[in-house]
Amino acid sequence: MDKTYSPKNFEERIYKLWEENECFSATPNPSKKPYTIVIPPPNITGQLHMGHALNQTYQDILIRFRRMQGYEALWLPGTDHASIATEARVVEQLKREGVQKEELGREGFLSRVWDWKKEYGDRITKQIRKLGSSCDWSRERFTLDEGCNRAVEKVFFDLYEKGKIYRGLRIVNWCPSCKTSISDIESEYEDEDGFFWHISYPLAGGGGSIEIATTRPETLLGDSAVAVHPDDERYKHLVGKTVTLPLTGREIPVIADEYVDKDFGTGAVKITPAHDPNDYEVGLRHDLPFHFMMNEDGTISDECGGKYAGLDRYEARKAIVADLESEGLLVKVMPHKHSVGHCQRCNATVEPLASKQWFVKMKELATPAIDKVKDGSIKFVPERFTHSYLNWMENVRDWCISRQLWWGHRIPAFYCDDCGEITVDISHSDAVKCRKCGGATHQDEDTLDTWFSSALWPFSTLGWPEETNDFKYFYPTATLVTAADIIFFWVARMIFSALEYTGEIPFDTVMLNGIVRDEHGKKMSKSAGNGVDPLQVIDKYGADALRLMLLTGNSPGNDIRWREEKITAARNFANKLWNASRYVLMNLPADFVAEINPDKLAVEDKWVLTKLGDTCDSVTLQLERFELGIAAGKVVDFVWEVLCDWYIELTKVREDKQTALSVLLCALEGGLKLLHPFMPFITEEIYRNLPQRSDDILMKEPWATKNNLLYYPKEAADFEKVAQLIKKLRTLKQEKNIAGKLSVEIETNDVTLFVTSLPFFYQLAATEHATVTTAVSDKQGKTAVITEHATAFLLVDTAEEAARLRKELAIVQKDVAFLTAKLNNAGFVAKAPAAQVDKEREKLNAANEKLSKLLRQSETLS
RNA sequence: GGAAGUUUAGCUCAGCUGGGAGAGCGUCAGUCCUACAAACUGAGGGUCAUAGGUUCGAACCCUAUAACUUCCACCA
C-alpha cells in the first residue's frame, strides 16, 4: 500500500471490480426481503453538481447498508427526458446552424433530439459512477423509453375514460419564449419594481370618465369591461353604463363584482378575461367576450392590436403609454412593486393566457394522497415537510399537463376531422377512427409535461402496467431520497399516481436532502458562478472524502455550507484510516489467521471489542432513523479515537502478539464494514489487502452486528478507568512541564487491573517505576501519586500542590453541594423517575468519595 | 397575507424521548514516540438570540419579540 492515501490510484479500479462481479445487480429472491430505491432521474441535459452528489451519497449509503444487512437491495437508475430543457437545448443548437425546428418538421426534429440524447444522455450517469453509486445499471431506464411510454399512455387513457383528464379553455401560464404553456409551479414569482399606470376611460356619450390603474397597460387592447365593487358609492351610478376603450374606440360595459377591492388603486379595474386569471373568472361570471390581444410569441395580435399589431409586448407598452399621454388619458404613473412570474426554464416573463389545454382533475386524486400521509403510511424525514406537502395537496389546483413541445410523450388524443369529437386511442394503429362518427382524425400536436412520466417512475420502471416478477417483488419501493424543492413537482404526483394505479403507496419514506450552499451561505448557481464542481473535488480529494464531507455535522433536510476545511478534514480521516491499516498490515504476515480465544483476551481486547459492538448498535440504529451524519460520526469516532488513538498504541507493548493482532484485525474489519456504506472505495481497497481477503469483496460481506462479536461491558468499564488515569497523568505532565519520565504511585482498590495495565502507563504516559497500592504511602522524591478518584499530584512543591488541591477541593465541594441540594429537594425525589434519582445518588457517592480522598491528600501534604 | 426553518465556542455546525453543554476547524502550549506532521498530547474558550411561562429540573416544551433564510398565496 502507498504511504499516503491516493484515491486516484484505486477508485476507478474498485468501481470496475464491483461492476465485473455484478455487485450492484438485484433479482427477485423469495428468501430475502426487498429494499428498493428508485433514483430521482437526473435530466439528460444536466451536469453533475453538488446537489446530485449529496442526493446520491444518501441513497448509496442506504442501499449499501441494506444490501449488507441481507436485503435484496435494488437501486434503480435512469434519466429524465426533461422535455422543455432538452428541446430548448436542441433548438438552440439548430439556431446556430440557422435552422428553425419547424423547417425540420416533427419527425426530423425528434430524430435530432434523439441524436443529441445519444451523444450527451449518458454524461450524467457516467459522472454519477464516479461517486461510487451502486446502481443496478443493467436496469437503467429513461422517462421516454418504450416502457415508460406504455405506462404513460395507459394512465392517460384510463384517466380520460374516468373523466379525470379533460381538455378545456383555462388561463395558463404562457412562456412566450419557449412558446408553451407551463404549470403553476413551473412559474417562479419575483418582486420587481414596476409602474402603476392610471388611465382614464371616458364614458360613452361624454359626461365624465372612470379612472383605472394597471401594471400592464398594453392589455387594455383586450379589455371587455371595467369592474367596480357593488358597494362602492363612488361608482354606483356608473354601473351598467358604457365606457369607450381608449385607443380602440371599442365600447365596453361598467360592471359590479365583489372581486374588486375598493381600497386598492382607484377601486376600478379593467377586465381582460383572456389575459388574467381573475379577470377570466369575472369574464365567465358576467359572460364577457374574450379578446386575445397577444400571440404565442408575445407580440400583439392582429385580432385586437390595431396599429400595434405585430409589436413586441414591451414595445407595444411604450407606444400605448405614449399615445395615451398624447391623448390626455394618462392620469398619472406611480412606481409600484409587484411580483412577476418567470419561466423556470428560460426566465422570460410569463403571460397569463386563456388557452385550450389538457388538465388533470386533482380534487379526487388528492384525497387518498392526503390520507396516506396523514395516517403515517408515508413518512417524511424530517417530519416538518409533511406540512408543506399537505398544505399544497389540500389546496391543489388542476394540473395543466399539455405542453406545446415536440420532445416528450405525445398526447394520444385524436380529433375528428368531421365532427370534432375527441378519441383517446393508445392502439398505435395507423388510422384512428372517430369513435362517434367513424371519420378520419388527426392527433393532438402537443406532448405531456415531463413530470407526467416522472410521476409513474416508481412503478413504470419495474414493468407496470405488466404484472412482472420485478414489479411484484420490488414494489412498493422503500425510500425516496430527494430535494425538498421537488416535493410538489414530483413527490406529490408520484403519491397520487401510485395510489390511483397500483393501489399502493409508491414508497414508505421520503427522505429530504438539503442543498449545498457556497461558503457565504448563498445558493450555488451557474449564473452566480459560485458552484463547486464535484468532479474536481473528487479529482483532488477522492470520492470518499467528498461523501464524508457531505455527511458530517449535518442532519436530514438541512442545508450544507461548502467549506474547503471540511473536505480536507474528511480527507485527513481517510488518510488516518489508510495509515492505520498500513500499520496493521506491516505487523501481519501474509498468511496470518486471526484466532480469538476468549480465555486469552486481555482487558483492553475486551474493551475494544465491546466498543466495536456498541458502535455496531448505534450506527445501525442511526442509519435506520436516517440520521446518516450521526451514524458516520459514530464510525469515525470508533476508527479514529478507539482504534487508532488507543488500541493500536496498546498493541505496541503487548506480549501476546497473536491475540493482540487477531483482535486488532477483527476491530479493523469491523470498522471497515461499518464505514463501507459511507466510504465505499477506501474500505474496499483496504479490505482486499488484508490477509486471506484478496478474493473477497467487502460490499458483499454481511453487516457487522454486536451479536457476532464478543461483548464484555464490565471489563470495558474497567479499562475506561485505566484510560482515565493515563489521561490524568498526561495532563499533569504538561501542566507541570515535566519533560522526561517520572515515577508514579497509583492508588486503587483494583490492584490487579492496574498492575497488568502498567505497561500502558510506561508507553502512553511516559512514566517509569510505577507502583500500585491500595493506599498512598509516603512522600518520595519526584513521584506522582494518583488515585482513581482524585487527580494526580506531585510531591515536590508543597505550596504549589496545596494551592492546586484547594482549587480542586472547591470544585468537588461545589459538586457535592449541587447534588446534595438536588437530592434534598423533595420535589425531585418524589417526581423524578426512580432511575434518575439513583443516578444522581451514585454521582453524589462518587463525589463524596473523591472529596474524602482529596481531604486525606491535603492532610498528607500539610 | 399564510406557513416553515434557523439563532449554541472565534468560524462551520451536531446535540435523537427534558436530567450538570459537544465535535471539527482555528487559537495557545508541548511532541519526529519503530502507521500517519494530512499526525500525536494537552489547554483555553459558551448568560445555548431576548423576555416571560410550564416543570422538582429547560438549549430542548409553551407564549411573545427580534434578526436571517425558505416555501405558498395575492398583488387590477
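Numbers restart at 1 for each chain; the letters A, B, ... are given by sequence-line order, proteins then strands.
One can place CG of A:D257 at 16 Å from P of B:A76, the figure rounded to the nearest angstrom. Computed from coordinates, the A:N395 CG to B:A3 P distance equals 13 Å when rounded to whole Å. In this structure, A:N572 places its CG atom 10 Å from C1' of B:A37, rounding to the nearest Å. Summarising the geometry, the separation between CG on A:D2 and P on B:C36 is reported as 14 Å, rounded to the nearest angstrom.
If you check every strand for non-hydrogen atoms under 4.0 Å, A:E519 touches nothing. Nucleic acid contact for A:A569: sugar-phosphate only, since backbone atoms but no base atoms lie under 4.0 Å from a heavy atom of the residue. Nucleic acid contact class of A:V829 (heavy atoms, under 4.0 Å, all strands): none. Contacts of A:L585 with the nucleic acid, taken as non-hydrogen atoms under 4.0 Å apart, are absent. Here A:T266 lies out of heavy-atom contact (under 4.0 Å) with every strand. When heavy atoms are screened at a 4.0 angstrom cut-off, A:K652 is found touching base atoms of the nucleic acid. Residue contacts shown for A:D261 include a base, since a base heavy atom lies under 4.0 Å away. Using a 4.0 Å heavy-atom cutoff across all strands shown, A:F385 reaches no nucleic acid atom at all. Nucleic acid contact class of A:W646 (heavy atoms, under 4.0 Å, all strands): none. A:I648 comes within contact range of at least one nucleobase, with a heavy-atom separation under 4.0 Å. Here A:R216 lies out of heavy-atom contact (under 4.0 Å) with every strand. In this structure, A:E565 reaches the sugar-phosphate backbone alone: every heavy-atom distance under 4.0 Å involves primed, P, OP1 or OP2 atoms, never a base. Within 4.0 Å (heavy atoms only), A:T731 reaches sugar-phosphate atoms of the nucleic acid but no base atom. At the heavy-atom level, A:F573 lies nowhere under 4.0 Å from the strands shown.
Nucleotides B:G52 and B:U27, compared at atom C1', are 38 Å apart to the nearest Å. Separating the C1' atom of B:A3 from that of B:C74 is a span of 15 Å, rounded to the nearest Å. Going from the C1' atom of B:A59 to that of B:U41 covers 31 Å, rounded to whole Å. Straight-line distance between the P atoms of B:G20 and B:U8: roughly 22 Å, to the nearest whole Å. B:U63 sits 33 Å from B:A23 when the C1' atoms are compared, rounded to a whole Å. The gap from the P atom of B:G2 to that of B:A73 amounts to 16 Å, rounded to the nearest Å. Taking atom C1' on both B:A35 and B:C28, the two are 28 Å apart, rounded to the nearest angstrom.
Checking B:C32 for Watson-Crick or G-U wobble geometry (two distances, each under 3.5 Å) identifies no partner in any strand. In a base pair of the Watson-Crick type (N1 to N3 plus N6-O4 or O6-N4) or a G-U wobble (N1-O2 and O6-N3), with each distance short of 3.5 Å, B:G20 is matched with no nucleotide. In this structure, B:U63 and B:A51 make a Watson-Crick or G-U wobble pair, each of the two defining distances being under 3.5 angstrom. Nucleotide B:A14 forms no Watson-Crick or G-U wobble pair with any nucleotide shown, as no partner meets the under 3.5 Å limit on both distances. The partner of B:A43 is B:U27, judged by Watson-Crick or G-U wobble contacts that both fall below 3.5 Å. Pair assignment for B:G57: none, as no Watson-Crick or G-U wobble contacts are both less than 3.5 Å. Nucleotide B:G1 is matched to B:C72 when pairs are restricted to Watson-Crick or G-U wobble geometry with both distances under 3.5 angstrom.
For A:R384, taking side-chain heavy atoms from C-beta onward, the closest of the listed nucleotides B:A4, B:C36, B:A38 is B:A4. Set against B:A14, B:A39, B:A76, the side chain of A:T215 has B:A76 as its closest nucleotide. Among B:C16, B:A14, B:A29, the nucleotide with an atom closest to any side-chain atom of A:Q734 is B:A29. Candidate nucleotides B:U41, B:G19, B:A76 were compared by shortest atom distance to the side chain of A:H338, and B:A76 ranks first. Distance from the side chain of A:R563 is smallest for B:U12 among the nucleotides B:C71, B:U69, B:U12. Across B:C36, B:A76, B:G19, the shortest atom-to-atom separation from the side chain of A:K822 is found for B:G19. Picking from B:G19, B:C40, B:U12 the nucleotide with the shortest atom distance to the side chain of A:A832 gives B:G19. Distance from the side chain of A:K523 is smallest to B:C71 among B:A39, B:A76, B:C71. Nearest to the side chain of A:R730, among B:A4, B:G42, B:A35, sits B:G42. Closest contact between the side chain of A:K576 and the listed nucleotides B:G20, B:C40, B:U12 involves B:C40.
The OG1 atom of A:T272 lies 9.5 Å from the CD atom of A:E218; values are rounded to the nearest 0.5 Å.
Partner of A:T219 under the side-chain hydrogen bond (donor to acceptor under 3.5 Å, both in side chains) criterion, out of A:R317, A:K270, A:H275: A:K270 alone. When each of A:H336, A:K337, A:H342, A:H338 is paired with A:E192, the side-chain hydrogen bond (donor to acceptor under 3.5 Å, both in side chains) condition holds for A:H342 and for no other. Looking at A:V537, A:I567, A:D518 one by one, the single match for side chain to side chain contact (heavy atoms under 4.5 Å, CB included) with A:V532 turns out to be A:V537. With respect to A:D223, the side chain to side chain contact (heavy atoms under 4.5 Å, CB included) criterion is satisfied by exactly one of A:V226, A:L220, A:L221: A:L220.
When each of A:D263 and A:K3 is assigned the nucleotide of RNA chain B bearing its nearest heavy atom, the one mapping closer to the 5' terminus is A:K3. Two residues, A:N554 and A:K843, neighbour RNA chain B, and the one matched to the more 5' nucleotide by heavy-atom proximity is A:N554.
At a cut-off of 3.5 angstrom, counting only N and O atoms as typed in the model, there is no donor on one side facing an acceptor on the other between the side-chain of A:E627 and the base of B:A14. For B:A38, its base sits under 3.5 Å from the side chain of A:R571 at one donor and acceptor pair at least.
The aromatic rings of A:Y5 and A:F10 sit tilted, their planes meeting at an angle between 30° and 60°.
At B:A39, none of the side-chain N or O atoms of A:N575 fall inside 4.0 Å of OP1 or OP2 (strictly under the cut-off). Contact annotation: A:T214 side-chain N/O to B:A76 OP1/OP2 distance is not under 4.0 Å. Residue A:W640 places at least one side-chain N or O closer than 4.0 Å to OP1 or OP2 of B:C40. Between A:N558 and B:A14 there is a side-chain N or O to OP1 or OP2 distance below 4.0 Å.
The 12-atom threshold is not exceeded at CZ of A:F195, counting heavy atoms of other residues, nucleotides or ligands nearer than 6.0 Å. More than 12 heavy atoms of other residues, nucleotides or ligands shown are found within 6.0 angstrom of NZ on A:K657.
Residue ring and nucleobase are stacked for A:F818 and B:G20, with a centre distance beneath 5.5 angstrom and an angle between planes beneath 30°.
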Let me see the working for A:Y389 and A:F380 under ring-ring contact (aromatic ring centres under 6.0 Å, His included), right down to the final yes or no. CA-CA 9 Å; A:Y389 168 86; A:F380 284 81; 5.3 Å; yes
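Contact annotation: the side chain of A:L690 approaches that of A:L585 to within less than 4.5 Å [non-hydrogen atoms, C-beta and beyond].
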